Amino acid sequence: MATLETVGLGLVISLSLAGCEAPLNLEGVEAEKQKQVRRTDQLQGIAANATTLVVVGSDGIVLTSPVHELYWNRHKLDGAPALIDVAACPDQSFVALSIDKTTWFSSDNGSTWQPKPLSTHEDVLDLTCAPDNSVWVVGSFSTVLHSTDKGESWNEATLNEDVMLTGIQFVDQDTVFISGEFGLVSRSDDAGMSWNMPEMIPNDFYTHAAYFTSATEGWVGGLSGQILYTEDGGASWHKQLTPTESPIYGFYSNAETLFAFGDHSTLLRFNGQDWAAVNSHGRPVYLRDAVQLPSGELLLAGGSGSLFPLAIQSTSSGK
């Protein structure tokens, strides 16, 4: 049985140890909260019009900056929706997509946003703005939605395939590609009003990203650093060599060079036949989107608040 003396000694030691603890320092937390771009931001999409850059991410985060000088302003949408994509339209407006089946429209360079719910029961994953300023969204059960009145009404169609569509791209005003899981690729030659019979990439290829330069030529990226190339509109695909095992999440092309980016700060440049690694000097986080700045630098956006310009050298991206 403990004596009164031993109990008292233990209490004194406990109080002494407690007195040695450092006071909780929240200065670092408060300093992080004052930043416009934070380590907790999971950035998902970036777009630019003639004057403004817009970046979107988790928790309703919208970052805006002038195109010609990177000075970020932080906004947060009501309800903190998980934003997964953003696009700039030819009329200089922006449209964003959140995972809760809502599109968000901005006509003042990202300062304010108007929510427009999608009239679908399907999950949604990607959007784009067409040359005629119509907005297009794709999702589960090979669903394609589009609006010609800034989200006031939506037209919904499906390929009747139990497939999650992961991407949609207008090559020109008439040619559109959609792509998704199980290797599905389909093309429209009438601005999305009808779709060709889907082609399937072999081995149930899961397409994280696709990029087409014409009705016949394109690339898709997927797991384990895989990039495939087609020159016949998806009828056949050829594997191209990459120096990574990381998933490929997107492509970006400027006037001269085609880039691919993905997990673990992966950034690749197409050299005409295969792909070469580019040192992004970034933390080992995912890179989700990119756009070229007027300075010629490539602005990359991704996980843990990754948002940085990278100097790139010009090179030809021919086949």
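None of these values were measured; they are calculated from a predicted model. In this chain, residues are counted from 1 in sequence order.
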* To do: Decide whether Leu43 and Val56 are clustered together by the hydrophobic rule: side chain heavy atoms of Ile, Leu, Val, Met, Phe, Trp, Tyr closer than 4.5 Å, transitively.
  => no
* CA sep, side-chain torsions, deciding dist, call: Trp136, Phe170, ring pair (Phe, Tyr, Trp, His ring centres under 6.0 Å) -> CA-CA 10 Å; Trp136 295 72; Phe170 276 77; 5.6 Å; yes
* Decide yes or no for Leu223 and His208: does some side-chain heavy atom of the first lie under 4.5 Å from some side-chain heavy atom of the second? => yes
* **Nearest heavy atoms of Ala210 and Val220, plus distance in Å** => CB-CG1, 3.9 Å
* Structure fact -> All heavy atoms of Phe212 vs all of Gly218, minimum pair found to be CD2-CA, 3.5 Å
* To do: Please assess Gln42 against Ser304 for the test side chain to side chain contact (heavy atoms under 4.5 Å, CB included), listing each intermediate value before the final yes or no.
  => CA-CA 5 Å; Gln42 305 303 321; Ser304 301; 4.2 Å; yes
* **Over 12 foreign heavy atoms within 6.0 Å of CD, Gln92** => yes
* **Inter-residue atom distance His68.NE2 - Thr52.OG1, 0.5 Å rounding** => 9.5 Å
* Asked: How long is the gap from CD on Glu181 to CD1 on Ile201, to the nearest 0.5 Å?
  -> 12.5 Å
* Looking only at non-hydrogen atoms, find the nearest pair between Gln173 and Pro131 and report the distance. => CA-CG, 3.8 Å
* Structure fact -> Here the pair of heavy atoms bringing Ile61 nearest to Leu83 is O-CD1, 3.6 Å
* Check step by step if salt bridge (charged side-chain N to carboxylate O under 4.0 Å, His left out) holds for Asp41 and Arg74. => CA-CA 11 Å; Asp41 295 338; Arg74 187 179 183 89; 2.8 Å; yes
* Asked: Mind checking whether Phe251 and Ser253 have side chains closer than 4.5 Å, heavy atoms only?
  -> no
* Asked: Are there more than 12 heavy atoms of other residues, nucleotides or ligands under 6.0 Å from atom CG of Asp190?
  -> yes
* Indicate the atoms forming the closest heavy-atom contact of Ser188 with Ser194, along with that distance. => OG-O, 2.7 Å
* Asked: With a 4.5 Å limit on heavy-atom distance, are the side chains of Val185 and Ile178 in contact?
  -> no
* To do: Treat each ILVMFWY residue as a node, draw an edge where side-chain heavy atoms are under 4.5 Å apart, and state whether Val138 and Met164 are in one component.
  => no
* Asked: How far does CG of Leu298 sit from CG of Leu267, to the nearest 0.5 angstrom?
  -> 6.5 Å
* Between Tyr229 and His238, ring centroids under 6.0 Å -> no
* Ser65 side chain vs Tyr71 backbone, donor-acceptor pair below 3.5 Å -> yes
* To do: Output the distance between atom CD1 (Ile227) and atom CG (Asp274), rounded to the nearest 0.5 Å.
  => 9.5 Å
* Asked: Does the side chain of Trp72 come within less than 4.5 Å of Thr64's, by heavy atoms?
  -> no
* To do: Please report the C-alpha distance between Gln292 and Tyr252 in whole Å, then the side-chain angles of each, then the deciding distance to 0.1 Å, and finally whether the side chain to side chain contact (heavy atoms under 4.5 Å, CB included) criterion is met.
  => CA-CA 9 Å; Gln292 188 167 16; Tyr252 179 78; 3.4 Å; yes
* Asked: Does a side chain donor of either Ser142 or Thr158 reach within less than 3.5 Å of an acceptor in the other side chain?
  -> yes
* With distance as the sole criterion, is a donor-acceptor pair present between the side chains of His146 and Ser134 under 3.5 Å? -> no
* Asked: Between Tyr286 and Gln44, is a side-chain hydrogen bond (donor to acceptor under 3.5 Å, both in side chains) present by the stated rule, with each step listed?
  -> CA-CA 10 Å; Tyr286 69 79; Gln44 300 290 337; 3.0 Å; yes
* To do: Indicate the ring-plane relationship of Trp275 and Trp219, choosing parallel, tilted or perpendicular according to the 30° and 60° boundaries.
  => perpendicular
* Asked: When rounded to the nearest 0.5 angstrom, what is the spacing between OG in Ser147 and CG in Leu127?
  -> 11.5 Å
* Please check if any side-chain donor atom of Ser224 sits under 3.5 Å from a side-chain acceptor atom of Gln226, or the reverse. => no
* Asked: Would Arg269 count as a cation-pi partner of Phe259, with NZ or CZ less than 6.0 Å from the six-membered ring centre and within 45° of the ring normal?
  -> no
* Asked: Do Leu228 and Thr230 pass the side chain to side chain contact (heavy atoms under 4.5 Å, CB included) test, and can you show the C-alpha distance, the side-chain angles, and the key distance before you say yes or no?
  -> CA-CA 7 Å; Leu228 306 181; Thr230 182; over 6 Å; no
* Would you mind reporting whether Lys150 and Asp91 have side-chain heavy atoms less than 4.5 Å apart? => yes
* With side chains defined as the heavy atoms from C-beta onward, is the minimum distance between Leu70 and Leu53 less than 4.5 Å? -> yes
* To do: Could you give me the CA-CA distance, side-chain angles and deciding distance for Asp85 and Arg288, then say whether salt bridge (charged side-chain N to carboxylate O under 4.0 Å, His left out) is met?
  => CA-CA 10 Å; Asp85 203 3; Arg288 184 67 72 179; over 6 Å; no
* To the nearest 0.5 angstrom, please state how far the CG atom of Leu299 sits from the CG atom of Leu310. => 10.0 Å
* Structure fact -> Closest non-hydrogen atoms of Leu118 and Thr102, given as atom of the first, atom of the second and distance, are CD1-N, 4.2 Å
* Are any non-hydrogen side-chain atoms of Asp189 and Arg187 less than 4.5 angstrom apart? -> yes
* Within 6.0 angstrom of Asn203 CG, more than 12 heavy atoms from elsewhere -> no
* Asked: Are Phe308 and Tyr249 grouped together when hydrophobic residues (ILVMFWY) are joined by side-chain heavy atoms under 4.5 angstrom apart?
  -> no
* Asked: Is it the case that one hydrophobic cluster holds both Tyr211 and Val171, taking links as side-chain heavy atoms less than 4.5 Å apart, direct or via other members?
  -> no
* So Phe94 and Asp108, side chain to side chain contact (heavy atoms under 4.5 Å, CB included) or not? Walk me through it. -> CA-CA 9 Å; Phe94 289 94; Asp108 57 5; over 6 Å; no
* To do: State, yes or no, whether a side-chain contact exists between Thr216 and Asp232 at a heavy-atom distance under 4.5 Å.
  => no
* To do: Apply the test side-chain hydrogen bond (donor to acceptor under 3.5 Å, both in side chains) to residues Glu122 and Thr120: give CA-CA distance (whole Å), side-chain angles for both, the deciding distance (0.1 Å), then the verdict.
  => CA-CA 5 Å; Glu122 303 298 334; Thr120 182; 5.4 Å; no
* Asked: Mind checking whether Leu77 and Ile84 sit in one hydrophobic cluster, side chains of I, L, V, M, F, W, Y counted as touching below 4.5 Å?
  -> no
